[in-house]
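These notes are about the structure you will find just below.
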Amino acid sequence: MNLKDASLLQTRCLIGGQWQTADSGRTLAVTNPATGETVAHVPDMGADETRRAIAAAEAARADWAGRTARQRADILRRWFGLMTEHTNDLAIILSTEQGKPLAEARGEIAYGASYLAWYAEEALRLYGDIIPGNAPGQRILVLRQPVGVCAAITPWNFPCAMITRKAAPALAAGCTFVVRPASATPLSALALGELAQRAGVPPGVFNVITGSSRAIGAELTASDTVKKFSFTGSTETGRLLLAQCAPTVKKVSMELGGNAPFIVFDDADLDATVSGALAAKFRNAGQTCVCANRIYVQRGVYEAFAAKFAAAAGSLKTGSGFDAASDLGPLIDDKAADHTRAMLADALENGGRVLCGGSGAGRFFDATVIGGANTQMRVAREEIFAPLAPLFVFDSEEEAVALANDTEYGLAAYFYS
Ligand code: NAP
């Protein structure tokens, strides 16, 4: 990696302000999905190190919560400034481990940093309420106070932004934080740790641990010291972690999977719809929770939309994130590539037609539009998480709404009319 500031590439974990290796000395390889090369090794930590990270967060809690909101805001603002200053290096790290095109990676760094700026401002507005009582001579006073140590597990598709979106509000409120990033993308999290230190986040307030998802997840969820747990990832894993949190009755936030409908009505402006659909479907090679999954097109414009959309999708270039011409980078790993091919094969077996794309080498897969999609196909029911865009035809608005709602997921939805 050709970084201006090489010390952003941290390969040890941050616990209590100290960079640490795993007790066992074991490491995990971080792979560049575009080339298959190992780019770094990070600690393979487990339960003991997790307990230490939680203890460090607990030890730092009283001092951090005791500072003024302005002091916390100033530190978050400095962290934001450092992220912005180092956008290019952070984007290189992100694109190297995750694969997304560099321009998208820069966009994610700006988006991730924006949470720090926003919550630096919100830190100053932790107002309470004075509410009339229900008996004479009483007033009810509501204070907002930090819940304590917060823990998070984050996914690989937005390795930077999914951390700042959780850490910034926690730190702004006076909570301390332990994050365990996805195994595929730990380097972005560790770079955030480095910048947090430089911004003046005190030791123990922001801890980053890498390693076994089960061992670390089990400790974070079972700990009595952790008062709030936040997870972004698949519904399947979320369900498991939610159950693990239940015995300690901690506060929990879950941001899980999606199966977004994208509805195109007969009266839509087709050019605007095509550019909206490209962005909603193919960002991050389709590996985004709010990606358009099922594209429903009203019969009157179906052929015209399909032709324009397939022409536009067919012109997207797939390649290394470091090639400025690439619109789609590689999929995250071989499993994701196999999943893409299996979803496509199932759609074709069930009567679908490839209108553009349909192939790719290794982890690369071209933007693919599937015509004649129907409810028998896996792409209708499952989160696709790949650059496959199935087109379904519908007649009435009622039918489109019923089809759109016919899913167990509820995260995002789009329509053009
Ligand atoms: P995932 O398999 O659920 O993994 C997410 C995180 O959970 C990773 O850090 C993973 O670690 C960890 N994990 C897996 N099994 C675990 C276990 N038994 N105990 C503790 N941690 C465990 O999901 P993913 O494939 O990485 O991410 C894609 C999913 O995230 C999609 O469903 C997407 O929709 C969702 N997502 C949702 C939002 C939102 O805002 N709603 C945003 C982004 C993504 P490893 O990396 O080591 O497996």
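Side-chain atoms are counted along with the backbone in the values below, which use heavy atoms only and exclude waters and symmetry mates. Both ligands and their constituent atoms are indexed starting at 1 by order of listing.
Distance screen at 4.0 Å: atom 1 (P) of ligand 1 has a protein heavy-atom neighbour inside the cut-off. Under the 4.0 angstrom criterion, atom 13 (N) of ligand 1 counts as having a protein heavy-atom contact.
Scanning all protein heavy atoms for the shortest distance to atom 8 (C) of ligand 1 gives Thr154 O, 3.4 Å. What sits closest to atom 38 (C) of ligand 1 on the protein, heavy atoms only, is Cys289 SG, 2.9 Å. With hydrogens left out, the protein atom closest to atom 32 (O) of ligand 1 is Glu383 OE1, 2.8 Å, a heavy atom. Closest to atom 10 (C) of ligand 1 among all protein heavy atoms lies Arg180 NH1, 3.7 Å. Annotation: atom 23 (O) of ligand 1 to nearest protein heavy atom, Ser234 N, 3.3 Å. The closest protein non-hydrogen atom to atom 16 (C) of ligand 1 is Thr237 CG2, 3.4 Å. Scanning the protein for heavy atoms near atom 25 (O) of ligand 1, the closest one is Trp156 NE1, 3.3 Å. Distance from atom 19 (N) of ligand 1 to its nearest protein heavy atom, with residue and atom name: Ser213 O, 3.5 Å.
Heavy-atom distances between Arg239 and ligand 1 stay at or above 4.0 Å for every pair. In this structure, Gln244 falls outside the shell of residues with a heavy atom less than 4.0 angstrom from ligand 1.
For Leu240, every heavy-atom contact with ligand 1 shorter than 4.0 Å involves the side chain, none the backbone. Only the backbone of Leu256 comes within 4.0 Å of ligand 1, judged by heavy-atom distances. Of all the heavy atoms of Thr288, none lies under 4.0 Å from any atom of ligand 1, so neither backbone nor side chain is involved. Within the 4.0 Å heavy-atom criterion, neither part of Phe158 lies near ligand 1. Contacts with ligand 1 closer than 4.0 Å are made by no heavy atom of Glu236, backbone or side chain.
Remark: ligand 1 atoms within the under-4.0 Å shell around heavy atoms of Leu241 are 19 (N), 20 (C). Per-residue contacts place Ile153 under 4.0 angstrom from the following atoms of ligand 1 (heavy atoms of the residue considered): 6 (C), 7 (O), 9 (O), 12 (C), 20 (C), 21 (N). Below 4.0 Å from some heavy atom of Leu411 lie the following atoms of ligand 1, by number and element: 41 (N). Every atom of ligand 1 is numbered from 1 in the order shown, and the set under 4.0 Å from a heavy atom of Phe231 is 3 (O), 5 (C), 6 (C), 7 (O). Near Phe385, meaning under 4.0 Å from any of its heavy atoms, are these atoms of ligand 1: 28 (C), 31 (C), 33 (C), 34 (O).
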For Asp366 and Thr318, what are the C-alpha separation, side-chain angles and deciding distance, and is it a side-chain hydrogen bond (donor to acceptor under 3.5 Å, both in side chains)? CA-CA 6 Å; Asp366 289 338; Thr318 306; 2.8 Å; yes
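With Asp346 contributing its side chain and Arg378 its backbone, the two residues share a donor-acceptor pair below 3.5 Å. Arg180 contributes a side-chain N or O that, together with a main-chain N or O of Gly211, makes up a donor-acceptor pair within less than 3.5 Å. Using modelled atom types, no side-chain atom of Lys4 and backbone atom of Asp89 make a donor-acceptor pair closer than 3.5 Å. Ser95 contributes no side-chain N or O that, together with a main-chain N or O of Ala91, makes up a donor-acceptor pair within less than 3.5 Å.
Geometrically, ligand 1 and Gly233 share a nitrogen or oxygen pair separated by less than 3.5 Å. Residue Asn157 has no nitrogen or oxygen atom sitting less than 3.5 Å from a nitrogen or oxygen atom of ligand 1, judged on distance alone.
Of the candidates Glu408, Arg381, Arg294, Arg294 is the only one forming a side chain to side chain donor-acceptor pair (under 3.5 Å) with Asn259.
A side-chain donor-acceptor contact under 3.5 Å links Arg106 and Asn88.
Ring pair Phe394/Phe265 is perpendicular by interplanar angle, where above 60° counts as perpendicular and below 30° as parallel. Phe231 and Phe229 have parallel rings, their planes meeting at less than 30° on a 0 to 90° scale where 60° marks the start of perpendicular.
Using a 4.0 Å cut-off between charged side-chain N and carboxylate O, Arg363 and Asp333 make no salt bridge. Asp338 has no carboxylate O lying under 4.0 Å from a charged side-chain N of Lys335, or vice versa, which leaves the two without a salt bridge. Note on Glu104 versus Arg283: no salt bridge recorded, every NZ/NE/NH1/NH2 to OD/OE distance being 4.0 Å or above. With respect to Arg52 and Glu49, no salt bridge is recorded, no charged nitrogen being found less than 4.0 Å from a carboxylate O.
Residues Leu328 and Phe365 fail the side-chain proximity criterion, which asks for heavy atoms closer than 4.5 Å.
A cation-pi arrangement, defined by a distance under 6.0 Å to the six-membered ring centre and an angle within 45 degrees of its axis, is present between Lys100 and Phe158.
Closest heavy-atom approach to atom 40 (O) of ligand 1 within the set Arg214, Arg165, Met162: this belongs to Arg165.
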